[in-house]
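Below you'll find the structure, written out as structure tokens, and then a few comments.
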Amino acid sequence: MKILVTGGAGYIGSHTSVELLDAGYEIVIADNFSNSKPEVLERIRKVAGKDFDFCECDLCDKEALDKVFDSYDIDAVIHFAGLKAVGESCEKPLEYYRNNLVSTMNLCESMREHGCKKLVFSSSATVYGMNNTAPYTEDMPLSATNPYGWTKFMIEEMLRGVCAADKEWSVALLRYFNPIGAHSSGQLGEDPNGIPNNLFPYIMRVAVGKLPELGVFGDDYDTPDGTGVRDYIHVVDLAKGHLKALEWCSENVGAEPFNLGTGNGSSVLEVLHGFEKACGKTLPYSVKPRRAGDIATSFADCSKAEKQLGWKAELGMEDMCRDGWNFIKNNPNGL
Ligand code: NAD
Ligand code: UFG
């Protein structure tokens with residue numbers, strides 16, 4: 001099978017590309033490097049020990065995207081490409097709506113025109129909004145609290161519409177919880193531009209002395225230690241979930257959401273202490289005010305993915321911290 005991986009040079013896409021190549025899939029990566037670097041492609045080749053084709057392409061450019069589908073006989077698409085920073089999406093809502101919505105509309109049109117109707121989409125736990133109580137199940141009401149979240153909400157709805165109109169389409173809506181960690185080779189990992197917004201890459205930079213201390217956003221939440229609780233999932237476990245979702249698309253039709261998490265919550269301080277253990281250092285932190293828009297607790301009910309995809313996360317916080325440390329230690333200046 002030939003799989004188009006949009007956004008395959010990014011954090012989750014690069015790890016998934018390795019898993020796909022390992023499993024014997026042929027892949028074509030399309031990316032515009034708006035949040036990644038060409039070097040990642042070489043790393044994927046090195047880690048997987050296999051070659052693949054790459055198209056430098058902005059998915060918002062329909063003609064360029066059509067050329068990709070004209071050039072390859074694509075059987076299915078895994079669609080990672082998108083902008084993902086919550087804070088930035090509040091400052092640049094139009095850029096987020098344009099990039100995430102137009103790219104996905106172009107993709108679906110191109111797929112339809114080329115008879116390709118299997119899609120795995122990167123959705124997010126952010127679609128559970130602020131009014132549900134964890135553990136989140138896929139049938140809970142959806143909402144969003146920022147433009148980024150609304151793009152995921154709207155794209156999910158759009159894809160449900162596509163599947164309702166054409167019964168041959170098969171779309172897995174994968175709602176990721178908090179992917180962290182890195183490939184065990186130390187060659188691939190998360191490499192955000194500028195000061196990281198997310199907890200784990202921030203801790204990694206504190207550990208290599210690139211940032212002075214972690215700010216813990218609130219210690220007065222209604223959680224066991226007062227800090228926010230999230231469902232952190234090893235990025236390689238998450239990557240493997242995409243292979244199971246592809247299999248699901250080959251055997252089913254319709255649009256179906258699946259939570260991909262571990263089902264366990266960890267607090268900010270638990271992650272910090274886990275990382276301290278992995279790197280053998282005490283990491284400085286101070287408590288700061290709560291971050292606007294944050295909730296106390298988010299974790300998944302993953303029983304649907306286990307039952308219907310045959311997928312379950314296998315790695316724990318210790319693995320996530322070990323592999324994250326191995327990556328940043330080897331790449332203190334990024335990729
Ligand atoms: P990432 O930024 O590392 O990767 C996204 C890739 O898409 C980048 O390489 C970027 O250059 C590319 N891209 C963006 N817009 C494009 C366009 N118009 N045309 C072509 N390429 C484009 O992000 P990631 O962490 O790997 O996330 C992948 C997907 O998963 C995103 O859709 C994101 O919203 C979603 N997601 C991520 C998280 C997370 O915590 N990392 C959580 C939930 C959902
Ligand atoms: N946190 C800190 N200090 C930091 C960064 C984060 O204390 O410097 C805390 C947050 O307050 C939160 C926890 O660490 O309690 C996790 O925060 P992240 O920013 O790492 O992750 P979020 O759960 O806020 O959001 C992430 C993505 C969203 C996505 C969501 C669910 O940024 O896009 O996971 O997948 F929707």
Side-chain angles (χ1 to χ4, degrees), residues 10-12 15 35 37 84-91 125-126 134 146 176-238 261-262 264-299 315-335:
Y11 173 47
I12 306 170
H15 288 82
N35 197 38
K37 297 181 187 128
K84 64 163 183 177
V86 171
E88 187 183 57
S89 80
C90 299
E91 286 152 26
T126 195
N146 54 71
Y176 310 155
F177 280 69
N178 291 57
I180 61 169
H183 194 268
S184 59
S185 63
Q187 293 288 313
L188 294 169
E190 191 171 11
D191 181 28
N193 294 327
I195 296 176
N197 300 303
N198 298 115
L199 177 65
F200 201 78
Y202 204 104
I203 293 177
M204 292 203 291
R205 271 160 189 69
V206 174
V208 288
K210 299 275 173 196
L211 290 167
E213 65 164 16
L214 174 72
V216 173
F217 298 147
D219 67 351
D220 56 354
Y221 284 104
D222 185 14
T223 60
D225 67 15
T227 66
V229 166
R230 296 289 181 276
D231 187 339
Y232 296 94
I233 171 170
H234 196 296
V235 66
V236 172
D237 268 335
L238 185 68
T262 62
N264 302 311
S266 303
S267 74
V268 174
L269 292 179
E270 281 171 336
V271 178
L272 180 71
H273 296 324
F275 206 89
E276 288 179 327
K277 217 172 139 199
C279 70
K281 302 182 219 182
T282 301
L283 303 176
Y285 75 90
S286 64
V287 177
K288 299 273 194 286
R290 291 182 178 195
R291 183 172 66 179
D294 273 356
I295 51 174
T297 302
S298 160
F299 62 93
L315 302 169
M317 186 51 72
E318 210 179 313
D319 306 296
M320 303 181 215
C321 291
R322 179 198 59 225
D323 294 337
W325 170 236
N326 188 36
F327 171 70
I328 197 72
K329 186 175 72 180
N330 286 316
N331 307 274
N333 299 314
L335 286 163

* Asked: What residues form a salt bridge (charged side-chain N to carboxylate O under 4.0 Å, His left out) with E318, not counting sequence neighbours?
  -> none
* Structure fact -> Smallest heavy-atom separation, S89 atom then N146 atom, equals OG-OD1, 3.9 Å
* Would you say D323's side chain and S184's backbone share a donor-acceptor pair under 3.5 angstrom? -> no
* To do: Taking the side chain as every heavy atom from C-beta outward, state whether L199 and R230 have any pair of such atoms under 4.5 Å apart.
  => no
* Asked: When rounded to the nearest 0.5 angstrom, what distance separates CG in N264 from CE in M317?
  -> 9.0 Å
* Search all heavy atoms of P179 against all heavy atoms of L238 and return the closest pair with its distance. => CB-CD2, 3.7 Å
* **Where at least one partner belongs to residues 326-335, residue pairs that pass side-chain hydrogen bond (donor to acceptor under 3.5 Å, both in side chains), sequence neighbours excluded** => R43-N331, K210-N333, N326-N330
* Atom pair CG (L188) and CG (L335), whose distance is rounded to the nearest 0.5 Å -> 7.0 Å
* Reported OH-to-OG1 distance for the pair Y221 and T227, which is rounded to 0.5 angstrom -> 9.5 Å
* Structure fact -> Between C279 and A207, the two heavy atoms sitting closest are SG-CB, 4.4 Å
* Please tell me if the side chains of L211 and P196 come closer than 4.5 Å, counting only heavy atoms from C-beta onward. => yes
* Report the residues that fulfil salt bridge (charged side-chain N to carboxylate O under 4.0 Å, His left out) with D319, sequence neighbours left out, ordered by chain and then residue number. => R322
* Asked: Quick one: does V268's side chain get under 4.5 Å of Y285's, heavy atoms only?
  -> no
* Structure fact -> Interatomic distance, CG@D222 vs CD1@I295, rounded to 0.5 Å, equals 13.0 Å
* To do: Write down the atom of P284, the atom of V206, and the distance for their closest heavy-atom approach.
  => CD-CG1, 4.0 Å
* **Spatial distance of atom CE (M320) from atom OG1 (T262) [nearest 0.5 Å]** => 6.0 Å
* Passing option when I203 is tested against I328, L272, I180 for side chain to side chain contact (heavy atoms under 4.5 Å, CB included) -> L272
* Asked: Do the non-hydrogen side-chain atoms of W325 and V208 ever get within less than 4.5 Å of each other?
  -> yes
* Do you know the tightest heavy-atom contact between P192 and R205? -> CD-NH2, 3.6 Å
* To do: Would you indicate whether the side-chain heavy atoms of D225 and S267 approach each other to under 4.5 Å?
  => yes
* Asked: What pairs with E270 under salt bridge (charged side-chain N to carboxylate O under 4.0 Å, His left out), at least two apart in sequence or on another chain?
  -> none
* Sequence neighbours excluded, every pair satisfying ring-ring contact (aromatic ring centres under 6.0 Å, His included) that has a member inside residues 176-208 -> Y176-H242, F200-F275
* Any pair with a residue in residues 275-290 that passes salt bridge (Lys or Arg N to Asp or Glu O under 4.0 Å), sequence neighbours left out, goes on the list, sorted by first then second residue, please. => E213-K288, D220-R290
* Between atom CG of N193 and atom NZ of K37, what is the distance when rounded to the nearest 0.5 Å? -> 6.0 Å
